[in-house]
Amino acid sequence: MSSARLLPGGPVAERVLAEVAASVAELRAAGVTPALATVLVGDDDASAGYIRIKSRQAAELGFASPHVHLPASASQADLHAVLADFNADRGVHGVLVQHPIPGHLDYDRALAELDPDKDVDGMHPVNMGRLALGLPGPLPCTPAGIEALLAFHGVPVAGREVVVLGRGATLGRPLAMLLAQKRPTANAAVTVVHTGVADWPRYTRRAEILVAAAGVPGIVRPEHVRPGAVVVGGGVRYEGRRLLPDVDESCAEVAGAITPRVGGVGPTTVAMLFRNAVRAAVRANA
Ligand SMILES: NC(=O)c1ccc[n+]([C@@H]2O[C@H](COP(=O)([O-])OP(=O)(O)OC[C@H]3O[C@@H](n4cnc5c(N)ncnc54)[C@H](OP(=O)(O)O)[C@@H]3O)[C@@H](O)[C@H]2O)c1
């Protein structure tokens, strides 16, 4: 029977979005409508659905959300031209290119074309550099969401042993940098393990906080978890509409606290996107 406390992401997202809505209202009162632009390339149903959800949420929060839909046959130059227009438009504060894009296009090259100050995903090389150097800038959304989730639920991080399973550019690597920073909600002893560490359970078993960031369904099992530890499930794989998390549900029998299978890290990621967008608008109008 599970005794672990659940750490849902929904209430964290709600609080962050309430702060975003308040900042949007302040900007609008000062005559500025914050704008989060979205770019969709091709006709992938799931991507179109994500864009619709984000546009609706943007509207609810008071953002303008200009949208460009390029055909699946669009060239890299077509995509760069859209980004150049948004870069030059002082009325657009944040830009989101929905991932994945068609296989003949290079997402990383496109991202590098974007003005780093309008990068709401926080994944532009300049923003990764800012994170590494501890300089202000948009933070990668999922790592920032995990830090916020731990803080919201009162999980102490400072001085504790955090092990991150996975060193991917979206999650594991930036999260490790973030949680090692000298701030009250971070300041941890962080270890990163990956396929190069064959005996990675040796590390995860001693973690006070274990973050799964591998994208390998069920890779984290109870025998990999220190009894009483906090377990955060970041990695997921989708098979069609089915969500397959890294963390096996039985880990709840060993963990002291754990993110739920659905509604854990995901909602915090989306909230951080809007936080990055409103902060970009505030900075642009400072
Ligand atoms: N919840 C959310 O909102 C959200 C948002 C964004 C991303 N994600 C998820 O986060 C996960 C990570 O994404 P990412 O782009 O950062 O990572 P990624 O590039 O997919 O890399 C996965 C990492 O996991 C490691 N790994 C894979 N299999 C392993 C194994 N058997 N043993 C040990 N290590 C293993 C890999 O090691 P090597 O480096 O040695 O190959 C790599 O470092 C994905 O599942 C993604 O879907 C979730």
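We count ligands from 1, going down the list as the structure has it; atoms in each ligand are counted the same way. Note that the coordinates shown come from a computational prediction; the quantities given were computed from them, not determined experimentally. For reference, positions follow the sequence shown, starting with 1.
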- Partners of His124 by ring pair (Phe, Tyr, Trp, His ring centres under 6.0 Å), sequence neighbours excluded? none

- Message: To the closest 0.5 Å, what do you measure between CG (Leu36) and NE2 (His67)?
- Response: 11.5 Å

- Message: Tell me whether Glu249 at atom CD has more than 12 heavy atoms from other residues, nucleotides or ligands lying less than 6.0 Å away.
- Response: no

- Query: Are Arg279 and Asn276 close enough, and set up right, to give a side chain to side chain donor-acceptor pair (under 3.5 Å), and what steps lead you there?
  - Reply: CA-CA 5 Å; Arg279 285 185 176 175; Asn276 279 339; 5.6 Å; no

- Message: One pair to check against side chain to side chain donor-acceptor pair (under 3.5 Å): Glu147 and Thr185. What are the steps and the verdict?
- Response: CA-CA 7 Å; Glu147 183 183 354; Thr185 53; 2.4 Å; yes

- Ordered by chain then number, the protein residues lying under 4.0 Å from ligand 1 by heavy atom are Thr142, Leu165, Gly166, Arg167, Gly168, Ala169, Thr170, Leu171, Gly172, His194, Thr195, Trp200, Ala213, Ala214, Gly215, Val216, Ile219, Gly234, Gly235, Val236, Val265, Gly266, Thr269

- Item | Exam field: side chain Gln181 to backbone Leu131, donor-acceptor pair closer than 3.5 Å | yes

